[in-house]
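These notes concern the structure reproduced below.
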Amino acid sequence: MEYKTFKIHEVFSDADFGRVVLEEDLIQPSNSSYNCEFLFSPSGKKIKAVLKAEPGGPHSWQRQFLDQLVHEYPSIESQLFEQLKADFSKIGIELKSENFQQEFLPVFLSLEQKGAPDQEWELNFTTVHDPEYLIIGSFRNWNLTGIDFIN
């Protein structure tokens with residue numbers, strides 16, 4: 001017997017997070033999430049996101065986080081680029097450009113837990129070298145804490 005523990009519903013449009021779908025956890029409602037797709041202004045491209053679901057749609061702290069992320073994005077790029085150049089050099093991959101935006105494209109934001117005072121989150125990227133190669137940047141507040149690679 002197969003049990004469904006999630007219910008997909010409440011598709012709506014949001015000014016900040018675009019198309020939003022509530023994925024409700026029927027057993028543990030605190031694990032419910034919003035799956036979104038929206039235009040990420042720093043890249044000019046759509047990205048997907050998963051947000052911790054709270055009643056009434058994306059919460060004000062999530063909107064504030066997104067605004068701050070857009071503001072902090074140049075620093076985020078710089079931190080990632082320096083670490084990625086070092087990591088790629090170790091495995092013999094030469095970057096095609098010294099411009100982060102020509103090498104990497106943000107594709108996914110994970111903001112599943114509200115962290116006060118320390119917000120932990122992830123931003124995932126693809127690379128022009130291999131669109132199937134995923135780079136996961138992990139952050140605490142606005143500081144890079146780690147990079148993982150999935151191929």
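We number each residue from 1, following the sequence as shown.
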Checklist entry - How far apart are the C-alpha atoms of Leu26 and Glu24, what are their side-chain angles, what is the distance that settles it, and do they pass the side chain to side chain contact (heavy atoms under 4.5 Å, CB included) test? => result CA-CA 6 Å; Leu26 301 173; Glu24 181 182 15; 4.1 Å; yes

Item to check | Centroid-centroid under 6.0 Å between Phe65 and Trp142 rings | outcome: yes

Item to check | Pair Glu98 + Lys85, salt bridge at N-O below 4.0 Å | outcome: yes

Checklist entry - Under 4.5 Å between side-chain heavy atoms, hopping through other hydrophobics if needed: is there a path connecting Phe17 to Tyr73? => result yes

Next on the checklist: Nearest 0.5 Å, please: how far is NZ in Lys52 from CG in Leu111?
Outcome noted: 10.5 Å

Next on the checklist: Which heavy atom of Pro131 sits nearest to which heavy atom of Thr126, and what is that distance?
Outcome noted: O-CG2, 3.5 Å

Checklist entry - Taking it one step at a time, do Ile150 and Tyr133 satisfy side chain to side chain contact (heavy atoms under 4.5 Å, CB included)? => result CA-CA 6 Å; Ile150 299 175; Tyr133 199 77; over 6 Å; no

Checklist outcome for this item: Smallest heavy-atom separation, Phe12 atom then Gly57 atom, equals CZ-CA, 4.0 Å

Checklist entry - What is the ring orientation for Phe88 with Phe149, classed by angle as parallel under 30°, tilted 30 to 60°, or perpendicular over 60°? => result tilted

Item to check | Check against side chain to side chain contact (heavy atoms under 4.5 Å, CB included), Phe81 and Leu95 | outcome: CA-CA 10 Å; Phe81 202 39; Leu95 297 178; 3.5 Å; yes

Item to check | Any donor-acceptor pair under 3.5 Å from Tyr34 side chain to Glu23 backbone | outcome: no

Item to check | Under 3.5 Å donor-acceptor, Ser33 side chain and Val50 backbone | outcome: no

Checklist entry - Taking it one step at a time, do Glu37 and Arg19 satisfy salt bridge (Lys or Arg N to Asp or Glu O under 4.0 Å)? => result CA-CA 5 Å; Glu37 185 173 23; Arg19 182 177 184 273; over 6 Å; no

Next on the checklist: Donor-acceptor pair, distance only, cut-off 3.5 Å: does the side chain of Gln119 make one with the backbone of Asn141?
Outcome noted: no

Checklist outcome for this item: Residues Asp25 and Ser32: closest non-hydrogen pair is N-OG, 2.9 Å

Checklist entry - Of all heavy-atom pairs between Leu144 and Gly137, which one has the smallest distance, and what is that distance? => result CD1-CA, 4.3 Å

Next on the checklist: What's the separation between atom CD in Gln79 and atom CD in Glu72, rounded to the nearest 0.5 Å?
Outcome noted: 9.0 Å

Checklist entry - Hey, any chance Phe108 and Ile47 share a hydrophobic cluster, counting ILVMFWY side chains that come within less than 4.5 Å of each other, even indirectly? => result no

Checklist entry - Is the closest side-chain donor-acceptor distance between Gln64 and Ser60 under 3.5 Å? => result no

Next on the checklist: Could you measure the distance from the NZ atom of Lys45 to the CD atom of Gln101? Nearest 0.5 Å is fine.
Outcome noted: 10.5 Å

Item to check | Cluster overlap Leu39 with Leu105, hydrophobic side-chain contacts below 4.5 Å | outcome: no

Checklist outcome for this item: Taken to the nearest 0.5 Å, the spacing of Leu80 CG from Ile135 CD1 works out to 8.5 Å

Checklist entry - Parallel, tilted or perpendicular: which fits the ring planes of His59 and Trp61, with parallel below 30° and perpendicular above 60°? => result tilted

Checklist entry - Quick one: do Ile136 and Ile93 end up in the same hydrophobic cluster if we chain Ile, Leu, Val, Met, Phe, Trp and Tyr together by side-chain heavy atoms under 4.5 Å apart? => result no

Checklist outcome for this item: When rounded to the nearest 0.5 Å, the distance separating OG1 of Thr127 from CD of Gln102 is 12.0 Å

Checklist entry - Any side-chain donor-acceptor pair under 3.5 Å between Glu122 and Ser110? => result no

Item to check | Geometric class of the Phe100/Phe125 ring pair [parallel <30°, tilted 30-60°, perpendicular >60°] | outcome: perpendicular

Checklist entry - Val107, Trp121: one ILVMFWY side-chain cluster at the under-4.5 Å cut-off? => result no

Item to check | Chi angles and distances behind the side chain to side chain contact (heavy atoms under 4.5 Å, CB included) call for Ile91, Asp87 | outcome: CA-CA 7 Å; Ile91 58 174; Asp87 290 350; over 6 Å; no

Next on the checklist: Let me confirm one number: the CG-CD1 distance from Asn124 to Ile147, rounded to the nearest 0.5 Å.
Outcome noted: 11.5 Å

Checklist entry - Can you find a pair of side-chain heavy atoms, one from Phe38 and one from Leu66, that are under 4.5 Å apart? => result yes

